[in-house]
Amino acid sequence: MVPKVAVIGAGTMGNGIAHVFAQSGFPVTLIDVSQPQLDKAIATITKNLDRQVANGSLPEQKKADTLGKIVTNTSIAKGVTDAGLIVEAATENTELKLKIFKELDETAPAGCILATNTSSISITKIAAATKRPESVIGMHFMNPVPVMKLIEVINGYATSKNVRQQIVEISKQLGKIPCVVNDYPGFIANRILMPMINEAIYSLYERIAGVEEIDTVMKLGMAHPMGPLQLADFIGLDVCKSILDVLHDGFGNPKYAPCPLLVNMVTANKLGVKSGEGFYKYMAGSKDLVVSDRFK
Ligand SMILES: NC(=O)c1ccc[n+]([C@@H]2O[C@H](COP(=O)([O-])OP(=O)(O)OC[C@H]3O[C@@H](n4cnc5c(N)ncnc54)[C@H](O)[C@@H]3O)[C@@H](O)[C@H]2O)c1
């Protein structure tokens with residue numbers, strides 16, 4: 001039997017997570033504090049389903065079926081009452097997540113799995129905000145969720161084997177490939193990705209090569225679909241910096257300290273795609289990759 005799923009947070013990740021669960025037949029309640037954000041999420045899911053229908057990867061009827069499986073709610077307490085699985089994908093902020101999990105502990109049914117999509121916050125710490133840490137697990141989807149195959153499944157210190165097995169099984173039902181890892185700073189994905197991005201930024205900072213050269217070496221030499229500087233712009237330079245801070249604090253090792261150039265760019269609000277400029281500049285309506293004037 002497929003469990004009812006509640007997804008908390010209807011932003012970039014939450015709408016994608018709701019989409020893939022509903023498309024795989026799970027009834028979904030999408031919850032956000034903001035009604036406009038919920039409306040925007042439904043519009044985004046509809047647009048993405050339209051694209052799947054247009055490119056032949058989804059039958060027309062399946063679009064209506066998928067949308068029919070999603071309801072929305074602005075209240076966690078009301079939205080999770082009959083959930084068998086909750087996937088929290090709210091803003092990446094430790095205090096906020098601890099508050100949400102405390103509330104989930106009080107409102108979610110017994111036996112419900114409490115998963116979080118956090119990129120960098122300790123699963124063990126989030127679990128400790130509840131009286132049922134054995135039911136708390138990391139379910140780290142990748143962006144864009146409907147396209148990316150991986151789910152990094154993260155065992156908290158107390159996560160039970162049964163909960164982990166259920167999440168592995170559910171991930172497969174979504175057509176994804178789960179990889180189980182343990183809860184240490186950055187898990188696996190960001191522990192390996194962020195130092196690579198930081199090293200690319202150091203290479204630019206030390207003037208070893210330019211933006212295009214660094215990205216081209218990694219694209220053509222390592223068959224990466226996107227260079228590390230372009231990827232950093234896409235993720236958001238503020239997000240990259242905060243994940244490096246988590247690695248630096250968590251391991252106490254200076255090798256994870258964010259490059260001073262990254263720190264400067266974040267301070268100057270050059271955050272990449274979302275602010276219109278990072279290592280590249282982004283003009284509305286243009287898909288051309290143009291290096292920021294600062295690095296020419
Ligand atoms: N964006 C990415 O590429 C990416 C990739 C993997 C994991 N993540 C993780 O996913 C989570 C969400 O990231 P995002 O990029 O979708 O963020 P986002 O800013 O796009 O969306 C966050 C949403 O959470 C909502 N929210 C805030 N407080 C809430 C509350 N108390 N209850 C319900 N909803 C609340 C906000 O209104 C917003 O709609 C974060 O933990 C992030 O680290 C992000």
Side-chain angles (χ1 to χ4, degrees), residues 6-20 28-45 48 72-80 83 86-108 114-123 125-126 129 136-154 171 176 179 181 183 185-194 197 226 230-247 271-275 278:
V7 177
I8 301 179
T12 310
M13 297 304 286
N15 86 66
I17 295 168
H19 176 151
V20 297
V28 176
T29 303
L30 182 58
I31 302 167
D32 203 290
V33 282
S34 152
Q35 184 61 48
Q37 193 71 2
L38 286 168
D39 297 340
K40 197 172 145 204
I42 297 296
T44 303
I45 295 169
N48 289 339
T72 61
N73 209 311
T74 50
S75 153
I76 290 184
K78 290 187 188 138
V80 304
I86 298 170
V87 182
E88 174 276 318
T91 316
E92 186 78 342
N93 173 298
T94 306
E95 293 318 310
L96 173 69
K97 294 208 193 272
L98 297 182
K99 187 171 146 273
I100 290 175
F101 274 76
K102 199 163 178 298
E103 183 173 357
L104 291 179
D105 195 27
E106 286 155 11
T107 51
L114 310 181
T116 170
N117 185 51
T118 180
S119 308
S120 62
I121 299 166
S122 160
I123 309 302
K125 185 169 189 172
I126 291 173
V136 179
I137 190 161
M139 197 176 186
H140 186 199
F141 289 82
M142 304 290 135
N143 184 18
V145 181
V147 176
M148 298 291 277
K149 282 280 175 202
L150 176 70
I151 297 180
E152 194 179 27
V153 176
I154 305 128
S171 301
K176 304 289 186 195
C179 272
V181 310
D183 180 31
F187 319 133
I188 286 295
N190 282 319
R191 180 166 178 175
I192 295 174
L193 175 64
M194 289 301 158
I197 286 176
M226 196 186 271
Q230 189 189 355
L231 180 58
D233 273 0
F234 180 68
I235 294 169
L237 301 192
D238 52 340
V239 174
C240 293
K241 180 187 169 297
S242 80
I243 297 173
L244 283 161
D245 286 337
V246 167
L247 292 170
L271 306 179
V273 177
K274 65 179 151 191
S275 74

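Order of appearance sets the numbers: ligands from 1, and atoms from 1 within every ligand. Heavy atoms only: backbone and side chains are in, while hydrogens, waters and symmetry mates are out.
Protein heavy atoms are found less than 4.0 angstrom from atom 21 (O) of ligand 1.
Across the listed options I76, N190, N117, N117 owns the non-hydrogen atom lying nearest to atom 9 (C) of ligand 1. For atom 40 (C) of ligand 1, the nearest non-hydrogen atom from the set A90, A41, A89 belongs to A90.
Surrounding NZ of K274 are more than 12 heavy atoms belonging to other residues, nucleotides or ligands, all under 6.0 Å away.
Looking only at distances, no side-chain donor or acceptor of E88 sits under 3.5 Å from a matching main-chain atom of I100. At least one donor-acceptor pair under 3.5 Å links the side chain of N190 to the backbone N or O of S119. Without hydrogens or angle criteria, T116 side chain to T118 main chain gives a donor-acceptor distance under 3.5 Å. Put simply, the side chain of N15 never gets that close to the backbone of T44: no donor and acceptor are under 3.5 Å apart. The closest donor-acceptor contact from the side chain of D32 to the backbone of A10 lies under 3.5 Å.
Here N117 contributes atom CG and M13 contributes atom CE; the two are 4.5 Å apart, rounded to the nearest 0.5 Å. Between I197 atom CD1 and L231 atom CG the span is 4.5 Å, to the nearest 0.5 Å. The NZ atom of K102 sits 11.5 Å away from atom CG of L104, with the distance rounded to the nearest 0.5 Å.
Below 4.0 Å from some heavy atom of K97 lie the following atoms of ligand 1, by number and element: 40 (C), 41 (O). Of all atoms in ligand 1, numbered sequentially from 1 with element shown, those under 4.0 Å from a heavy atom of G9 are 24 (O), 34 (N). Here is the list of ligand 1 atoms found below 4.0 Å of a heavy atom in G11: 16 (O), 20 (O), 21 (O), 23 (C), 39 (O). Here is the list of ligand 1 atoms found below 4.0 Å of a heavy atom in T118: 41 (O). Contact atoms of ligand 1 toward H140: 6 (C), 7 (C) (distance under 4.0 Å to a heavy atom of the residue).
From the protein, the heavy atom lying nearest to atom 19 (O) of ligand 1 is T91 OG1, 4.6 Å. Here the heavy atom of the protein found nearest to atom 8 (N) of ligand 1 is S119 OG, 3.2 Å. The shortest contact between atom 25 (C) of ligand 1 and any protein heavy atom is with D32 OD2, 3.2 Å. For atom 41 (O) of ligand 1, the nearest protein heavy atom (residue, atom name, distance) is E92 OE1, 2.5 Å.
Neither the backbone nor the side chain of K99 comes within 4.0 Å of ligand 1, counting heavy atoms alone. Counting heavy atoms closer than 4.0 Å to ligand 1, residue I235 contributes nothing at all. Of the heavy atoms in V33, both backbone and side-chain atoms come closer than 4.0 Å to ligand 1. With a 4.0 Å cut-off on non-hydrogen atoms, M142 does not touch ligand 1 at all. Under 4.0 angstrom from ligand 1, the non-hydrogen atoms of L96 all belong to its side chain. With a 4.0 Å heavy-atom cut-off, ligand 1 is reached by the backbone of M13 and by its side chain too.
You'll find the side chain of E92 stays beyond 4.5 Å of the side chain of S242, heavy atoms only.
Put simply, the residue from I31, N73, T29 that forms a side chain to side chain contact (heavy atoms under 4.5 Å, CB included) with V80 is I31.
The distance criterion of under 3.5 Å between nitrogen or oxygen atoms is met by Q37 with respect to ligand 1.
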- Message: I235 vs L193, test: side-chain contact (heavy atoms from CB on, under 4.5 Å). Steps then yes/no.
- Response: CA-CA 11 Å; I235 294 169; L193 175 64; 4.0 Å; yes
